[in-house]
Amino acid sequence: MGLLEAVAEDTLLSLADPDDRDGDGIRGVANIVRDPETGVNRVGRFGWKAAKASLRHQAAEALVNDMGVTSSVYPSRSCQRGATDCRGVDPASASITETELLRLSHYLSLVGVPAQRSLRSGFPSDARVSPEHDVNPTQIERGRLLFIQARCVACHTAEMKTGNTHPFAELRNQTIRPYSDLLLHAMGPGLADGVAEGKAAGNMWRTPPLWGIGSLPHVQGAAANVRYLHDGRARTLTEAILWHAGEADDSRTRFENLPKTDRDALMAFMGSL
């Protein structure tokens, strides 16, 4: 996730189109959030609604809100209730030390992204290939083109480059393929949760990165164990796509109108990520 953190704010803002100037029906709104430590407004990029500006922010807020664990970012549990003076507490009294919070955020930054499994990697014809690597490169490439033709990339941006200012040198100036613009999009009433966070209305969600999504059935025991979308309502990627509405209406309709062989190819491509 450090690669997402390393993308420059200007890059994300350049992808935003809140007024739909190009008339394609896709807006994309950057969630501008307040850094709890500096008070500076920054572009949010983590969390379901992009309400956290950094991995440190995300980790510290999860610690205090979900587990009641205080840190140097949120040294008092009154921060859970949004108290304006919740930082007026000695950080030394927090549940975890600054060093521990740094270790946590550094770990989150440097966990590797799974490689796309789009090639058979030269396995001999008589070799037993494990299911996650037993792929059809031709079908996957066809699915990639269909993903573009269905305009999924209007939100699931296929490629971007990280900036040159991240504290970890190995995350700077990297070309990445997260399949996300990290922006907010209105996804229709069916997915709305009624919760507003910053510029995110109840029907707006951050485009979730798709890298690694194809590994879920293999790391969670079986495809039947995997759930998708913010509340786990979708049992398959197809169900997740069919829940898309709002700004994604056109892309969903294009997917629905594909013949089965093409839908299977698109699923094979997503399963390779």
Side-chain angles (χ1 to χ4, degrees), residues 1-6 45-48 55 58-59 62 66 104 106-148 150 152-153 155-160 162 170-171 174-182 191 205-244 248 251-252 255 258 260-273:
M1 287 189 288
L3 290 166
L4 301 179
E5 187 175 53
R45 61 188 75 200
F46 296 108
W48 287 111
L55 288 169
Q58 170 73 18
D66 299 340
L104 178 58
H106 288 174
Y107 169 75
L108 293 172
S109 296
L110 296 173
V111 174
V113 180
Q116 184 185 8
R117 291 165 289 105
S118 57
L119 300 172
R120 287 180 60 85
S121 302
F123 291 108
S125 59
D126 59 345
R128 178 193 178 277
V129 180
S130 58
E132 64 268 30
H133 295 292
D134 191 7
V135 298
N136 182 333
T138 302
Q139 185 187 39
I140 289 171
E141 175 60 16
R142 171 65 178 160
R144 185 186 70 83
L145 296 175
L146 290 165
F147 191 83
I148 296 171
C152 302
V153 292
C155 300
H156 291 282
T157 303
E159 182 178 295
M160 59 178 68
T162 65
E170 55 265 60
L171 303 180
Q174 298 291 324
T175 298
I176 62 174
R177 296 172 179 83
Y179 289 92
S180 171
D181 57 10
L182 301 180
L191 287 178
W205 301 95
R206 179 195 72 154
T207 306
L210 296 182
W211 56 9
I213 198 168
S215 297
L216 294 180
H218 306 292
V219 299
Q220 295 189 12
N225 299 334
V226 182
R227 293 294 181 270
Y228 303 94
L229 299 179
H230 67 282
D231 54 5
R233 70 179 67 182
R235 297 164 295 181
T236 65
L237 287 172
T238 297
E239 285 188 5
I241 293 171
L242 296 179
W243 274 107
H244 282 48
S251 290
R252 188 201 66 250
F255 173 77
L258 291 174
K260 184 178 184 305
T261 53
D262 283 350
R263 292 198 306 272
D264 289 345
L266 199 153
M267 288 296 103
F269 164 69
M270 294 184 68
S272 75
L273 295 178

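- Using a 4.5 Å heavy-atom threshold, the side chains of L146 and F269 count as separate.
- Of all heavy-atom pairs spanning S118 and V135, the tightest one is C-CG2, 4.0 Å.
- Side-chain contact between L4 and W211: present, with at least one pair of heavy atoms (C-beta onward) separated by less than 4.5 Å.
- Using a 4.5 Å heavy-atom threshold, the side chains of M270 and I241 count as touching.
- Residues T162 and Q174 bring no donor and acceptor atom of their side chains to less than 3.5 Å of each other.
- Around atom CZ of R235, no more than 12 heavy atoms belonging to other residues, nucleotides or ligands sit under 6.0 Å away.
- Side-chain contact between D264 and Q139 is present, with at least one heavy-atom pair separated by less than 4.5 Å.
- A 4.5 Å side-chain heavy-atom check between I213 and Y228 finds at least one atom pair inside the cut-off.
- Between E5 and Q58 the shortest side-chain heavy-atom distance does not fall below 4.5 Å.
- Using cut-offs of 30° and 60° for the angle between ring planes, the W48 and H230 rings count as perpendicular.
- Listed by chain and number, the residues in a side chain to side chain donor-acceptor pair (under 3.5 Å) with E170 amount to none (sequence neighbours excluded).
- Of all heavy-atom pairs spanning D181 and T207, the tightest one is OD1-OG1, 2.9 Å.
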